[in-house]
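When a ligand or atom number is given, it counts from 1 through the structure's own listing order.
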Amino acid sequence: MPANKKTKALVMFSGGLDSRLVIKLLQEQGIDTEAIFFNLPFGTGCCNLNCTFNFSQMQGIPLKVIDCTSDKYLQDYIKIIKKPRHGYGSGLNPCVDCRIFMLKIAKEYMKKIKADFIATGEVLGERPMSQHRKAMDIIEKESGLKGLLLRPLSAGLLEETIPEKKKLVDRSKLLKIKGRGRNKQIELANKYKIDYPSPGGGCLLCEREFIKRLKNLMDVKKIDSRDLKLLRIGRHFRFGKNIVIVGRNENENKQLLKLKNKEYYLEVPGCGSPTTLIIGKSSKEILKKAAELTARYSDNKSKEVIVKYGISKLDKEVIIS
Ligand code: SF4
């Protein structure tokens, strides 16, 4: 390395407090930092892109956003969810594989920007699945970052990394935080005068109801970027190779209409009615079931309800008793 080249770190930035502290700790050592944020298909439960962007702006550091909600990254991620090498956490969350997936992408970006190493906000023992020592070792090895993955918040408890050995980073200034308590991190947030989002409820892959929807949808079709939105709205009903989605309010009805492709949709005219969407090739039988659901959730409580349906417009109708 030329004598005047400044050490550069690429920080895995979720937006949460831990990764914010990593940026501050490295900056305090005079290390040039750049942040990388992954917009994952099912969220991280931490921070959205806006608040992540705000923080990076305030700190004056570049922020690279990797969008994994479409195309190849989305398909690669879905493959991981279907068959993770290292298993699931409490839900459908393949945390170890998920981290390896992100770090492999980050590694390529690290090379591109000529950073010396990658830093993460991981804390030893903080998360049951991906932050115990064995999992952290697997993540480091399988992402191809052996010796190049620095966890500044727990570094004092972990093996020395290459940047520490090369004195690019002062190990004595790194921390020895362990476990799930947040006191030390909060103390540091006060010291650095940084605000941070309160911890989110975790990613959607840990939520039982969402998992059920996702599994059903994955069974009937290849997931695409539109599906990521559909999964978040309406009541979902599975009938064989079809999913029927019934809007729960006006906003969801509007969204369903916006998101629909060449698919059947249904409504009960002249009253408060859900918009219902049929995913998958519709048969007469499915149309009838969807019409029954539409009538059931509409405000029309007559013995016989007319339900209108169609693909580009509601030009057909069926009577539901
Ligand atoms: S909870 Fe696990 S699966 Fe979800 S984003 Fe975090 S690491 Fe990935």
Ion pair Asp116/Lys166, N-O distance below 4.0 Å: no

Polar contact flag, side-chain donor to acceptor under 3.5 angstrom, Tyr109-Glu34: yes

Per atom 4 (Fe) of ligand 1, closest listed option by heavy atom (Pro41, Cys203, Ser130): Cys203

Output field: ring centroids Phe38/Phe101 closer than 6.0 Å: no

Proximity of Cys95 to ligand 1 by residue part, where a heavy atom lies under 4.0 Å: both

Pair Phe13 and Phe55, ring centroids less than 6.0 Å apart: yes

Atom indices of ligand 1, in the order listed, that fall short of 4.0 Å to a heavy atom of Cys98: 3 (S), 5 (S), 7 (S), 8 (Fe)

Residue Gly43 vicinity, atoms of ligand 1 by number, heavy atom under 4.0 Å: 5 (S)

Numbered atoms and elements of ligand 1 in range of Leu40, under 4.0 angstrom, heavy atoms: 5 (S)

Side chain to side chain, Thr294 and Lys308, heavy atoms closer than 4.5 Å: no

